[in-house]
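Below: the structure, in structure tokens.
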Amino acid sequence: MNKLFIDCEEENFDVAPLEEHGADGVEGNAPLAAEIEFVDGEEIRRLNRETRNKDAVTDVLSYPSLDGIRGRALNKEDFPFDLDEEGRLFLGSIAICRERAAEQAEEYGHSLKRELYYLAVHGLCHLLGYDHETESDRAEMRAREETILNAMGIGRK
């Protein structure tokens, strides 16, 4: 199983549970890396407009570095040109809007902590090649998200 390293400068977000369980079920020997940045509504709107041509505030944006990796074993020898300075396979970046997360936590009736971890896991799933364009893809991604959140001890309340 691959070890996951998360780079996040947000002091109030503990990456340890995500590092411990975010790569559960991912086969291979490459240590994995991703970065998470927390942004305000104005910044996520700018990113959404510039990268997705959608001029709206959203909750999370993912910027995968690799294509076609869903369900593949992630071995160092298969990605020699995609390793970072520490020899880790860089999956990509995640931007989370803390303001939108707080609104959604209230809307869905669960804690802000749960919403922030959900958005981080959702973004990480995108970095690993999962998507929700079709109903079957959506079901597979949601199941993976819930499995990881449950392993992290992050329930719905």
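Fair warning: this is a prediction, and the values are worked out from it, not measured in the lab.
Judged by distance alone, the side chain of E35 and the main-chain N or O of D7 form no donor-acceptor pair under 3.5 Å. Side-chain atoms of N75 come within 3.5 Å of backbone N or O of N29 as a donor-acceptor pair. The closest donor-acceptor contact from the side chain of D14 to the backbone of A16 lies under 3.5 Å. For N2 (side chain) and G28 (main-chain N/O), a donor-acceptor pair under 3.5 Å exists by modelled atom type.
For E43, the CD atom is densely surrounded, since the number of other residues' heavy atoms within 6.0 Å is greater than 12. Within 6.0 Å of CD on E107 lie more than 12 heavy atoms contributed by other residues, nucleotides or ligands.
Taking a cutoff of 4.0 Å between a charged side-chain nitrogen and a carboxylate oxygen, E50 and R46 qualify as a salt bridge. R45 has no carboxylate O lying under 4.0 Å from a charged side-chain N of E42, or vice versa, which leaves the two without a salt bridge. Between E146 and R114 there is a salt bridge, with a side-chain nitrogen of the basic residue lying less than 4.0 Å from a carboxylate oxygen of the acidic one.
H126 is listed as a side-chain neighbour of H132, based on a closest heavy-atom distance under 4.5 Å. Put simply, the side chain of M152 reaches to within 4.5 Å of the side chain of V121, judged on heavy atoms. In this structure, E99 and D40 have side chains that are in contact, with non-hydrogen atoms separated by less than 4.5 Å. Looking at R49 and K54, their side chains never come closer than 4.5 Å, going by heavy atoms from C-beta outward. C8 has its side chain within reach of F38: a pair of non-hydrogen atoms, C-beta onward, lies under 4.5 Å apart.
Linking Ile, Leu, Val, Met, Phe, Trp and Tyr whenever their side-chain heavy atoms come within less than 4.5 Å leaves L47 and I36 in two separate clusters. Put simply, L119 and L149 are part of the same group of oily side chains (I, L, V, M, F, W, Y) that touch within less than 4.5 Å, one to the next.
For the atom pair L83 CG and E77 CD, the distance stands at 10.0 Å (nearest 0.5 Å). Summarising the geometry, atom CZ belonging to F5 is positioned 9.5 Å from atom CG belonging to D84; distances are rounded to the nearest 0.5 Å.
A search for side chain to side chain contact (heavy atoms under 4.5 Å, CB included) contacts involving K113 returns S111, Y117, I154, not counting sequence neighbours. Residues satisfying the side-chain hydrogen bond (donor to acceptor under 3.5 Å, both in side chains) criterion with E10, sequence neighbours excluded, are R98.
Under the 6.0 Å cut-off for aromatic ring centres, H122 and Y118 qualify, their centroids lying closer than that.
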Determine all donor-acceptor pairs shorter than 3.5 Å in which one atom belongs to a side chain in residues 58-69; sequence neighbours excluded.
residue : atom : partner : partner atom : Å
D59     : OD2  : Q104    : NE2          : 3.1
S62     : OG   : G123    : O            : 3.3
Y63     : OH   : T51     : OG1          : 3.0

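Donor-acceptor pairing under 3.5 Å is lacking for the side chains of T147 and N150.
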